**Student:** 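Pasting a structure below so you can have a look.
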Amino acid sequence: MLELLTCLLLAVHLLAMNLASAGPLVCVWLGWRDDGAIVSLGRRLAWWSVGAFVIGMLTGGGMLLSANSTGLSAALARFPARAYWFAGAELLFSLVVMLLIAGAWRKLNRWGLAVLAFITATNLLYHFPPMMTVIGQLASNSRWASEGVIDRPTLLSLMGRHEVLALSFHFGMSSFAVAGIAVLQLISQQAKEPAGITKSRARGAAILALTATLAQIPIGLWLLMSLPTPAQTSLMGASLWASLTFMAALITSLGLLQRLVMVAIGETDRQNLKRVVSLLCGVVLLMTLSLRSSRPTPRMDAETKTASTQAAEAE
């Protein structure tokens, strides 16, 4: 039960950070045309992105603080304190920019909004998926990196590894898919069925989500091939639970693709839009369950303890 709750919390965290990362860019797309209803939709998505960022930070911080894992504790201890100060400053900067986008929505011109959206999106997508992936790899296998202290040059070199790049690209594409589907959720909440420019934007959002989801096929294969051998064998049948949740995630993904195609060709009724949102949540939760189930239990060995001590002494 505890593992299921952890996976649920992680799924919420991932969805929230996906929306926070790509949401501002999609906001600008919505606000590019001078149509009152669509501009209002873009502003709502901007505030949703701010809320998602706050939720993502709270859930992520809560998981880190409450994690009862020696492997994770040791991995975090290998980073010098200045790395966390830098990360905190980057997060605060992104939050300020996102608040500026939402708060000054009608005061800034479209190009100003576009520049701000690009800044916050690239800031989040460049820094945090790679860093969190590195922490996760170190938590599950302390020997994944030989350096005792993960300073900035070391982190940059680790960010170039295939498994880190694969997960980072996977997160990036997921962010655009989630942002597109968030637009569909907003449209489904309107009193009237989408028509005219609103229907056109719904179809555009579905095409965005569909393209990003289709891009996950080659990225997913890349990610699968970059996983450690024990994780690969777990997903391919060695672990019944990991295999079942992985297959369920793939089947749910096919259902999501089908629904997105239906919306993209014009079937934008509210029931169809809500089904897309439900399928997305199902995919994220099932993928989270399968990946966590496939990972080996981290162990605290002598090298991990030594690395943690070196990081502490470096301060």
Side-chain angles (χ1 to χ4, degrees), residues 2-3 5-18 21 56-57 59-80 83-84 87 90-91 124-152 154-175 219-220 222-232 234-235 239 242 245-246 249 284-301 303-304 307-308 311:
L2 180 60
E3 178 63 19
L5 290 175
T6 301
C7 288
L8 181 60
L9 190 62
L10 179 57
V12 171
H13 169 74
L14 291 173
L15 282 169
M17 293 310 297
N18 284 148
S21 298
M57 289 300 97
T59 52
M63 286 188 294
L64 288 176
L65 292 174
S66 63
N68 186 20
S69 170
T70 54
L72 178 59
S73 299
L76 293 173
R78 292 172 71 172
F79 289 82
Y84 296 107
E90 292 291 339
L91 289 171
L124 290 176
L125 290 173
Y126 171 73
H127 287 104
F128 295 100
M131 183 175 181
M132 297 310 297
T133 301
V134 169
I135 291 174
Q137 293 289 346
L138 293 173
S140 61
N141 179 15
S142 62
R143 300 180 182 179
W144 183 74
S146 59
E147 296 82 358
V149 179
I150 310 299
D151 55 13
R152 184 169 179 78
T154 302
L155 178 61
L156 291 175
S157 66
L158 294 175
M159 285 168 57
R161 292 193 179 184
H162 288 295
E163 54 268 50
V164 178
L165 289 174
L167 271 170
S168 299
F169 275 94
H170 174 73
F171 181 88
M173 287 297 101
S174 297
S175 296
I219 294 174
W222 179 22
L223 176 59
L224 182 62
M225 295 303 295
S226 67
L227 290 175
T229 301
Q232 291 182 16
S234 293
L235 291 173
S239 170
T245 51
F246 184 57
V284 174
L285 178 59
L286 288 168
M287 280 295 184
T288 302
L289 285 168
S290 63
L291 286 177
R292 281 188 63 87
S293 301
S294 67
R295 288 182 177 179
T297 303
R299 295 178 298 177
M300 181 72 163
D301 54 22
E303 288 190 13
T304 304
S308 303

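Keep in mind that this is a model prediction, so the values were computed, not measured. FYI, side chains are in, hydrogens and waters are out, and symmetry mates aren't considered; it's all heavy atoms of this structure.
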**Student:** Quick check: do Leu227 and Leu235 have side-chain heavy atoms less than 4.5 Å from each other?
**Tutor:**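 When only atoms from C-beta onward are counted, Leu235 and Leu227 do touch, with a gap below 4.5 Å.
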**Student:** Kindly give the heavy-atom pair with the smallest separation between Leu223 and Ala166, and that separation in Å.
**Tutor:**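 Looking at all heavy atoms of both residues, the closest pair is CA-CB, 3.8 Å.
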**Student:** How many angstroms lie between NE2 in His127 and CG in Leu91, if you round to the nearest 0.5 Å?
**Tutor:**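 Atom-to-atom, His127:NE2 and Leu91:CG are 10.0 Å apart.
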**Student:** Using modelled atom types only, decide if a donor and an acceptor are shared between the side chain of Glu90 and the backbone of Leu124 within a distance under 3.5 Å.
**Tutor:**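 Not at all, since once roles are kept as given, no pair shorter than 3.5 Å links the two residues.
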**Student:** Taking all non-hydrogen atoms of both residues, which atom of Ile150 and which atom of Ala145 are closest, and how far apart?
**Tutor:**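 Closest approach of Ile150 to Ala145, heavy atoms only: CD1-CB, 4.4 Å.
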**Student:** Is a side-chain N or O of Tyr84 found less than 3.5 angstrom from the main chain of Phe79, in a donor-acceptor match?
**Tutor:**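 No.
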**Student:** I need the minimum non-hydrogen distance between Met159 and Tyr126, along with the two atoms involved.
**Tutor:**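 Closest heavy-atom pair between Met159 and Tyr126: CE-O, 3.9 Å.
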**Student:** Test your reading of the model: is there a side-chain donor-acceptor pair from Ser142 to the backbone of Leu138, 3.5 Å cut-off?
**Tutor:**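 It does not hold such a pair.
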**Student:** Can you name the nearest heavy-atom pair linking Leu8 to Leu285, along with the distance?
**Tutor:**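 Here Leu8 and Leu285 meet closest at CA-CD1, 4.0 Å.
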**Student:** Rounded to the nearest 0.5 Å, what separates atom OG1 in Thr288 from atom CG in Leu10?
**Tutor:**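 The CG atom of Leu10 is 5.0 Å from OG1 of Thr288, to the nearest 0.5 Å.
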**Student:** Any side-chain heavy atom of Leu291 within less than 4.5 Å of one from Phe246?
**Tutor:**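 SC-SC contact between Leu291 and Phe246 ruled out.
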**Student:** CZ/Arg292 to OG1/Thr6 distance, rounded to the nearest 0.5 angstrom?
**Tutor:**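 Here the interatomic distance stands at 5.5 Å.
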**Student:** When you measure from the side chain of His13 to the backbone N and O of Gly56, does any donor-acceptor pair fall under 3.5 Å?
**Tutor:**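 Pair found, side chain donor or acceptor close to backbone of Gly56.
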**Student:** Using side chain to side chain contact (heavy atoms under 4.5 Å, CB included), reason through Thr154 and Val149 one step at a time and then give a plain yes or no.
**Tutor:** CA-CA 8 Å; Thr154 302; Val149 179; over 6 Å; no
**Student:** Okay, side chain of Arg78, backbone of Ile135: is any donor-acceptor separation there less than 3.5 Å?
**Tutor:**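 No, Arg78 side chain to Ile135 backbone: no donor-acceptor pair under 3.5 Å.
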**Student:** In chain order, what residues pass the side chain to side chain donor-acceptor pair (under 3.5 Å) check against Ser239, with sequence neighbours excluded?
**Tutor:**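 In terms of side chain to side chain donor-acceptor pair (under 3.5 Å), with neighbours along the sequence ignored, Ser239 is linked to no residue.
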**Student:** Let me check something: any side-chain donor-acceptor pairs from residues 167-174 under 3.5 Å, sequence neighbours excluded? List them with distances.
**Tutor:**
{"residue": "Ser168", "atom": "OG", "partner": "Val164", "partner atom": "O", "Å": "2.8"}
{"residue": "His170", "atom": "ND1", "partner": "Gln216", "partner atom": "OE1", "Å": "3.2"}
{"residue": "His170", "atom": "ND1", "partner": "Gln216", "partner atom": "NE2", "Å": "3.3"}
{"residue": "Ser174", "atom": "OG", "partner": "His170", "partner atom": "O", "Å": "2.8"}
{"residue": "Ser174", "atom": "OG", "partner": "Gln216", "partner atom": "NE2", "Å": "2.7"}

**Student:** What I'd like to find out is whether the side chain of Arg152 reaches to under 4.5 Å of the side chain of Leu156, using heavy atoms alone.
**Tutor:**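 Sidechains of Leu156 and Arg152: in contact.
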**Student:** Quick one, Met57 and Met17 - any side-chain contact, counting heavy atoms below 4.5 Å?
**Tutor:**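 Yes, side chains in contact.
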